[in-house]
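In what follows, chains carry the letters A, B, and so on, assigned in the order in which the sequence lines appear, proteins first and then strands, with residues in each chain numbered from 1. Predicted, not measured: the structure shown is a model, and the values here were computed from it.
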Amino acid sequence: MIRYVTRRLIQMVFLFLVFLTVTWFLLYILPGDSVALKYAGNPNIPPQAREVAMERLGLDKPVLIQFRDYMFNFFQGDLGVSFNQYPRPVVDIIGERLPRTLVLFLTALVTYYWAGFVAGKYLAWRRGNRGEMAVTIGGVGLYSMFLPFFAFMLIWFFSVQLGWLPISKFLDPEQWRDAPFAANQVFMRLFWVALIAAFAMFAANFAGHRSHSRALERILRVGGGALVIAGFLYYWFGTESGQSMRPYAGDIAFHMILPVLTLTLIAFAGVMLLTRSSMLETLREDFILTARAKGLPEGVIRDRHAARTALLPVVTSLVLAVATVIDGGVITEAVFSWPGMGEILISSVLNEDIPVAVGAFAFIGVLALIGHFVVDVLYGFLDPRIRVTEHG
Amino acid sequence: MRLRTKLICVLAVLALVAAACGEDEEAPEPTSAAAPETTAAPAPDTTSAPDEPEEMDEPEEMDEPEEMDEPEEMDEPEEMDEPEEMDEPEEMDEPEEMPMGATYRLGIFSAPTTDNPWAALDTEAEIWNQYVIPGQISLYTYQGPTYTVVPALASDPSPPQVEADGDAYSVTVNLRSGVTWSDGSPITANDAVFTFNTIKKYNGLGGNFPSIWPLARDDDPDTEDDESSQGVSSVEALDDYTVKITFNFEPGLAIWPLSVGLASIFQEAFWGPIVDASDDFETLYAASGLGAPNASGFDSAEWEPGAFWRNVALDSYWDSGSQYTVYSSGAVEYTTGGTTETWGGDPGGDVVADYTEGPFVAESLYSIYTDQNAAVLALTEGEVDFLLNPLGLQAGLRNEILAAPSLEVAVNDQNGMRYMAYNTRKFPMNDLGFRRALACMIDKDFVANTVLGGTAYSINSLVPPGNAYWYNPDITAPCAGQSTAERVASAVQIFKDAGWTWDVEPAWDEGNRDVIPKGEGLRGPGGETIPPLTLLAPGPGYDPMRATYSLFIEEWATDLGIPLSAEPTGFSVIVDKVFVGDPLLWDIYILGWGLTPFPDHVFDFFRSSNDSALGGFNTPGYSNPAFDALADEFDRAKTLADARDLIHQADAIIAEDLPYVTLFNTPLIEAYSNQLTFPYTTILDGLQNVGALTGVVTIG
């Protein structure tokens, strides 16, 4: 296993180098350059100013020298400075956008995977009834909706007609007037709190799963869940740091409802259908028949035997989706005025801001590689049928 | 299991709701207080209506004004609202008293990228930064709505003349006393000196700086005789309120006063230590400008990247309470401290604006909407009062806005043009007959009025009609007013007169209402056949109007037997090909320009020394010694009247020679809450061009 992991890590490094090189050159060969796009259309800016700009950005050097310099700096942790926001470091720009995207899209991802998995599980279990048909058709209908149109329908309904939710943006500027925190501080706090809660929940469930007593399992799970909730409430209401940040965190959470709802309604059907088909296959397996023959309760067969096995492709899909979450959604971010990584990706490519674009793609590449790696390793643990074997 | 899941869900939702809605008893320790002296938060009491942004493909420049419409009476300055207690989150900093008025809420369509006013003129010269960063001061400034050049820091009513000064030329400008930075300190000649010396220290900086503060480079032997070496040699403070600017050449209007006279001046006390501390300009640009002294009525108070920007009104703005009366002649009467001055000539014509300088709002709050539809919803729902967009609202949204009872609409001319350019370096575009014949076939009015339903209007001059002082109304389009049949006949005749021939000559078939037969085997005067030509134009996804024009032009060209195909092309690709790439690799293209009030572009775009092959803006490669002579004369022009005469002559030459065929312009539509009162709404390039008049708007 260690040799396998080592080999995979070496492959990942090599693959990343290839990815970075291809990305850099693809962006470089796009017609035009950042300086031309910015200055060519402004007759007030003399040619000399453009030359100065080219020199500043290093664009006057031969392409291979530019590439060499970029790679050299990249692996020293210097992603360069933005061409369009010179001299702002790329890391600074990504650091500004990443928390917003992570919090929104991870929340949406978890929500629609959870909704899709639960719905898929029940659809497969109660196959053939009217509910299955209605949910399937409804889910697929939503899945095929044009995202901007659907998002605007929801905005119109919930924000304009009912007035329950904000129209867009990730915070209410008037509430944040003179806020003692930057929005990114709050985003990061939300992220860590959610992450800690998720790990605690996972640990409680895992411990329960490992226990051999049904009663103990229940205690661990329910107790763990209750502790997490209590901890969550205590943090936001009982600690000074939580209290001071709570209104701002609440405001961001409030602004997240509509985009998360939109993404969930649009995307849950994909997970639902994946789970459903996986579950249907599992239900035909002999061990399910054996479980039934043993007289196990239906809920146990469904949740502990069938659903767990059916979870494998869903987990794969989830891990890979997590890996690409930082590219955000250009459309979602635009419609909900949530400028994050998606917006910076598209604008940097359009404006030929190569350092920012490559930097953003590098983040996605690294996460995707890690995601694939995690899936590979996880599969070995989750599915006893898959084991790494040594050849030769 | 199910019960447990439900319980957890309910608790989680309750916790979230509580977190979202809960309020704290205790005020938290502020960890970072960007709050300026005048914080506080009055409840906003305005409504508003936004619109959607379109892509801007070319930067806009400012331009010079003339007649405007009936002025709107400005309401008496309102009584300032009582500062209201802030009832929102108590975790906020201790609210301070709001000096006056309400919150002016504006929507913008892209996030500002810097708070540094230096960078905003150079590496980050984006319109969105310019909207939010409070203005610096200059010696002179454009006065809306007529764009008359009037004193700002200078005390001389008109810019003084440049005079010979030994081997050089200089101008001495007297400054007003009593003009102060937002921190209350006086603005003196030393600030102008500091600004120039800083630019000089950093080798002229980049972006807009070389055009607003052109640096004399007479120490460079390679460029000594070159135009690029011409600029400002020095700026000296003769005393606190007298500044002397020396040039190494005799500047015309375009440089003095319309570049240097309008150039930003920065405060030495704030920026000086930063400049002294570093030899590289990156350090200067990286410094935060939030709260930096400026000369407007607002201080930048808060910037939440990606979300909002907030400027707070100053308690003691130096120009607050001054009275401005602007006449359609361009003259301005300025009354302050009981004395009245008249600028820009004798008052004449209608009063187009009559107002008192504010600010009358407590703060300007700029929220970012990255989607136009969402922004319009926010405007109609009263979430913002005004949408700032250099391109205004999409025409399709106009009716929707008009239907909203809480909104008003202002429609203004844009200072810009969309045009078609021929590459005159290549056959057949180098043939005047070819250019005229194709231009003759282009029925601009038909496309604008019939096909595009009046959402655009055709233009003939290089200066749009909205820039009335400079506009030449005598310029007409080739074959203007002719029917299609007449255009075909005229184009055929133009070709024949120029020596062109066909195998099959095109003719108008009245019965079929079409050109039958279409031209075939068109040959130039020397018998040359025309190679396949490409018309590069933005695609319908980027600009459906220009895409539509390109399709019609392709069809009209085909009627004549010209093998022209319209090719929808990305904006950046066109820019790369025509401004940067090999000048022989394109044939014809369609793009657009945003322009400045002073229309020196008429010369910049066509003088031979400005050929794009040399890095200039003459993309057609047009070369005409008579035109170049006019351009040189324009460079030396000292009066507006002389400059206008030269502009008109140049415009007429280009209309004859047709390196460009001007096509159309679009009106700029803006919507705003009917709770807002502006001293004027008719202005070239719309209210967005004057920052939505934050300094004089009243609310309620």
Side-chain angles (χ1 to χ4, degrees), chain A residues 31-32 36-37 40-50 52-53 56 85-87 96 100 152 155 159-160 167-171 173-183 221-222 225 229 232-233 236-237 243-244 246-247 249-251 253-254 299 303 333-335 337 339 343 350 352, chain B residues 1 4 8 11-12 15-16 19-24 28 30-32 35 39 41 44 58-59 61 88-89 91-93 111 113 123-124 206-208 210-211 228 282 285-286 304-308 365 367-371 373-374 377-378 381 383 572-573 575-576 579-580 601 604 615-617:
Chain A
L37 288 175
N42 187 345
N44 274 348
I45 296 179
Q48 302 92 296
R50 280 187 271 160
V52 167
R56 266 182 202 167
Q85 297 180 40
Y86 188 85
E96 177 191 302
R100 295 175 207 152
F152 279 118
I155 290 174
S159 305
V160 177
I167 289 173
S168 62
K169 297 182 292 187
F170 59 85
L171 51 77
E174 299 191 42
Q175 182 173 340
W176 282 68
R177 187 188 279 113
D178 294 331
F181 306 103
R221 286 183 169 177
V222 175
I229 300 283
F232 181 82
L233 293 175
W236 290 115
F237 289 89
Q243 280 182 10
S244 61
R246 198 181 72 226
D251 187 49
F254 184 52
D303 295 332
E333 288 184 0
V335 169
S337 299
E343 196 274 337
L350 288 176
E352 308 241 350
Chain B
M1 169 77 173
R4 192 196 69 222
I8 291 173
L11 284 173
L16 276 175
C21 306
E23 288 184 19
D24 265 336
T31 57
S32 67
T39 56
E58 280 102 25
E61 314 167 16
E88 279 294 319
E91 290 75 10
M92 315 284 186
D93 289 348
T113 56
T123 54
E124 300 187 51
N208 288 297
S211 59
S228 63
E282 283 91 345
Y285 285 8
E304 178 55 61
F308 69 91
L365 186 62
S367 297
I368 294 145
Y369 295 88
T370 52
D371 182 88
N373 289 307
L377 277 178
E381 290 301 300
E383 201 173 285
S572 58
V573 178
V575 166
D576 189 47
F579 286 100
V580 183
H601 66 274
D604 286 342
F617 298 94

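- Nearest approach of Ala374(B) to Val335(A), heavy atoms of both residues: CB-O, 3.7 Å.
- Nearest heavy atom pair, residue Ala334(A) against residue Thr370(B), reads O-OG1, 2.8 Å.
- Separation of atoms OG (Ser159(A)) and CG (Leu377(B)) is listed at 8.0 Å; rounding is to 0.5 Å.
- If you measure heavy-atom distances from Ile368(B) to chain A, the contacts under 4.5 Å come from the backbone alone.
- If you measure heavy-atom distances from Ala111(B) to chain A, you find no contacts under 4.5 Å at all.
- Between Leu365(B) and Glu174(A) there is a side-chain heavy-atom pair separated by less than 4.5 Å.
- Your options are Pro305(B), Ala286(B), Gly616(B), and the one with the most heavy-atom pairs under 4.5 Å with chain A is Pro305(B).
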Worked verdict on Tyr86(A) versus Glu282(B) for side chain to side chain contact (heavy atoms under 4.5 Å, CB included): CA-CA 8 Å; Tyr86(A) 188 85; Glu282(B) 283 91 345; 2.4 Å; yes
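- The minimum heavy-atom distance between Gly306(B) and Pro339(A), with the atom names listed, is O-CG, 3.3 Å.
- Both the backbone and the side chain of Ile167(A) have a heavy atom closer than 4.5 Å to some heavy atom of chain B.
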Test salt bridge (Lys or Arg N to Asp or Glu O under 4.0 Å) applied to Lys169(A) and Glu383(B), step by step: CA-CA 12 Å; Lys169(A) 297 182 292 187; Glu383(B) 201 173 285; 3.4 Å; yes
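- Only the side chain of Glu304(B) comes within contact range of chain A, with heavy atoms under 4.5 Å apart.
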